[in-house]
Structures are given as structure tokens and as C-alpha cells.
Amino acid sequence: MKVLVVGGGGREHSLCWKLSQSPMLGQLYCAPGNPGIEAIAQTFAIAADDVLALASFAADEGVDLTVVGPEVPLTLGLADSLAAAGRPVFGPGRHAAQLEGSKIFAKEFMLRHAIPTAAFEIAESIDEARRAASRFGFPVVLKADGLAAGKGVLIPRDETELEEALSALFTERRFGSSADRVVIEECLEGEEVSLIAVSDGRRVQRFTTAKDYKRIGEGDTGPNTGGMGAHSPSGVLDERAAAKLEADLLQVVLDGMRAEGHPFVGVLYAGLMLTADGPRVLEFNVRFGDPECQPLMLRLAGDLLPVLAAAAAGDFGEERLAFDEGAAACIVLASEGYPGAPAKGAEIEGLEVDTGLDTALFHAGTTRSEDGAVVVAGGRVLNACARGAHLEEALAAAYELADRVHWPGKVLRRDIGRRVLEGGTAE
Ligand code: AMP
Ligand code: GLY
């Protein structure tokens, strides 16, 4: 099979790594890819959101399956364009991608299908937003309706912070038209966990559990990032509870989408808060989590390609995901300044480490300088990943790999997984 992976981050590197091990694979393409992906796939300098160019590339090359990594091309209709060109695609069409692309679409969908989520109101002006916020008390959660690169959620704790948040959303227009409408919702308390599954439009197959760490600072402090590390199992949701959520929640979403005339094919990711009153959906994503995808790829026991190809064809048939018994971890190596303005351009040393079968060093924000050296090009730069018999072993091996790579200004959290290990809640 000829397979195209769209994207160029650590998530896509891990997808390429897994797909490249498939006996079904003929040719692996990646657009735009990165210097790490170059070693295992043929990369093309087409931006991940250039829907027209990607669709014509897939048609010209006779690509048998396109796997879309990031959400933006999905919300722009890449899957629809590929389908129109007769090219199979693993990823939802534009309408279904609104589960991630519009928080209001997602909340209204959850209301229609009785899916548990935080109570909310929708506001179109600063006055409406202020009124809605007063109903919920502090802290209160404000979410820009549209995509905001993971930064569109604000959680003011008092009147002063609320006024700052309202001003950022409605006056400064920091999130542009993404905040034309804003969701105001109750703040939930509990442990967060990601539930990730693939769907063929009719059925879901859940990945084993994973947890990511969103704050930049140790002890879960400082601003939110895309994720500074992840591990699987999650340690906070056991497999039995996850299986129940697969049936009671993910399958309900799928059935709802199909009933509304928009079958959902691709990755369905529910970000959950495990509250004292039970699990509540914080958000849906329509793609693999980054960095949750990376440890999940390490834990996948069988072949991923036939499962994704069957999903794209609309029927899993006999294809099933299977997982290793052990654990896997991912430590994100970021550049100083992230998640604000990360420093760029430093040359990275130590990339030639021998990763073997149980570890992987995935590239995220890297590029090649004119003289061919691999240099820092983004906030999250590399992902040091490892698997082990249990979480402690996987984390130790991932940190050992993380410490073998260097550049001036490398930043990482030393406490990924620590609370789960100390709490003794890991499965
Ligand atoms: P989202 O993009 O909706 O997942 O929001 C990003 C982050 O904001 C989540 O991972 C949570 O940490 C936090 N968050 C979102 N909604 C809520 C809520 N209703 N209560 C508490 N925290 C929330
Ligand atoms: N790691 C969180 C996300 O991919 O949305």
C-alpha cells in the first residue's frame, strides 16, 4: 500500500514509525514531515493545511490511504477533498470534524445525546458573557468556540481575572473570529484523562489508556501547553472503567453522528474530567493526542495499518487493535520560552543515539539548517519515548534517553508520572 501521513510533529513521527513496520506497507509518504521522519518516509514540502495540494498529491501518486495527523486540515475539509478524488482517508469530514473545530457544536451535540459534560451557556457579547459567568461563580471556564491552537480556554479565579479574560476574548480579539462566540461553563474538579479510540463510522475500538501533562511547570504549574509528557497506562482510569466509557460514551457519540447523517471515521478522542459525580467530557478531539499518541504507538502490539485501512473503508471487519502488557512513556523536550515565544536555531547534539526496539526519539519542532545540521525550530522539539515492563521502568528509560540529547535552552519536566507512581494507582 502507498500511505501518506499528513503533518510534521512528534505525533506524525510516531505514526510513521509504527506504519513503517507494517508488512502491508509499500511506500510511505509524509507531508511536510520533519528531519526525523525523513529517515523512514519520503517527505514532501506541502503544508499540512494546504488541502488542495495534498488532495492532488494523493490523486497523482495513487495514494491508497491518507492518515491525517492534525485537526486543522480536517476542519478545512481535507477528508472531503480526498474522498471526492476517490482516495481513501482515515479522518473525519469537515462536518464531523466540528466536534473539535467548534466547542458550541460539541456542547450542543452532547446535549442532544445526553452525554455528560459541564453545564454551559453561550455568549456572543461581553455583557452576555459576564452575565453567564455570574451564574457559575469562580473559578469559571471561558472557551473560544473555534480552534485556538490549544490556547482558547481561560479559567479566571476572580473578578479581576474575569475582566482580563473577557477583554482578551471580546475586546483585544486575541483569538480572532474563533471567539465570535464563547462557551461559558462550570469549572469541574478531578483528575483528567484522555480516552482515545478509532472508528470506522459504526463502531469504536479503544486504545489502551493514556494521560498527558499539559502545564509547562513541575507540579502542574504555569501556563498550559500542548503537553509536556504522557504515559500509558494512564494510572488514573483502569481498563474496566475505560471499557465502560467506550460503550457508554464513545459509542454514543458515534451512533449520534451516524444518526445525524455524518458518520465519523477517524480518531475520536474524549478529554475527560473524572469528577466525584462521574466522568464528564471536557472536549472532543478528532485526531490523536500529541503527545499521547507517542506512548500509544509504542504499546501497540499488532499492525496499525490494516486497522486504519479498514476504518477508512467503513468497516473494521476482523481487524483489531492489540496492546503490549507493559507501559510506555514520553518526555517532551521543549525549547526555552515555550509556550510563549520559544528560542529557535540552536543545533541539537546527541541525536545519533541508538534507540533499539524499546525506545524512540521522535522529532517534533526540528528542521535542517543550510549546512544540514538538525536545529530547534519550534516549542516542543523532541519526544524521548520508551516502553518497559511497567510505568516506572518506562519512565526511567525515557528520562535516560531525554538526558542524552542536548542543546542550550532545553527544557523538560522531571515529574512526568511521579504522582501516579507515588499514589500507587498505576494499573
Ligand atoms: P479543552 O481544550 O476544552 O480541553 O480545555 C483545555 C484544558 O482546560 C483542559 O485540558 C482542562 O485542563 C481545562 N478545562 C476545560 N474545561 C474545563 C472545565 N469545565 N473545568 C475545569 N477545567 C477545564
Ligand atoms: N495533548 C493534548 C492534545 O493533543 O490535545
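Counting starts at 1 for both ligands and their atoms, following the listed order.
- Close approach to Arg287 involves these atoms of ligand 2, each under 4.0 Å from a residue heavy atom: 3 (C), 4 (O), 5 (O).
- Every heavy atom of Gly271 sits 4.0 Å or more from the atoms of ligand 1.
- Residue Glu192 holds the heavy atom nearest to atom 9 (C) of ligand 1 of all those in Lys103, Glu192, Glu283, Glu100.
- Summarising the contacts of atom 5 (O) of ligand 1 with Val153, Thr275, Leu188, Ile155, the nearest heavy atom is found in Val153.
- At a 4.0 Å heavy-atom cut-off, ligand 1 does not touch Glu189 at all.
- Remark: ligand 2 atoms within the under-4.0 Å shell around heavy atoms of Gly226 are 1 (N), 2 (C).
- Not a single heavy atom of Arg280 sits under 4.0 Å from any atom of ligand 1.
- With ligand atoms numbered from 1 in the order given, ligand 1 contributes 10 (O) to contacts under 4.0 Å with heavy atoms of Lys214.
- At the shortest separation from atom 17 (C) of ligand 1 among protein heavy atoms lies Leu282 CD2, 3.5 Å.
- Distances below 4.0 Å separate heavy atoms of Asn285 from the following atoms of ligand 2: 5 (O).
- Some N or O of Asp212 is nearer than 3.5 Å to an N or O of ligand 2, by distance alone.
- Glu400 contributes no side-chain N or O that, together with a main-chain N or O of Ala396, makes up a donor-acceptor pair within less than 3.5 Å.
- By the 4.0 Å N-to-carboxylate-O rule, Arg130 lies close enough to Glu163 to be salt-bridged with it.
- At the shortest separation from atom 3 (O) of ligand 1 among protein heavy atoms lies Lys143 NZ, 3.1 Å.
- Residue Gly289 approaches ligand 2 through these ligand atoms, each under 4.0 Å from one of its heavy atoms: 4 (O).
- Between Glu283 and ligand 2, not a single N/O pair is under 3.5 Å apart.
- Comment: Glu192 engages Lys214 in a salt bridge, judged by a side-chain N to carboxylate O separation of less than 4.0 angstrom.
- For atom 19 (N) of ligand 1, the closest non-hydrogen atom on the protein side is Glu185 OE2, 2.7 Å.
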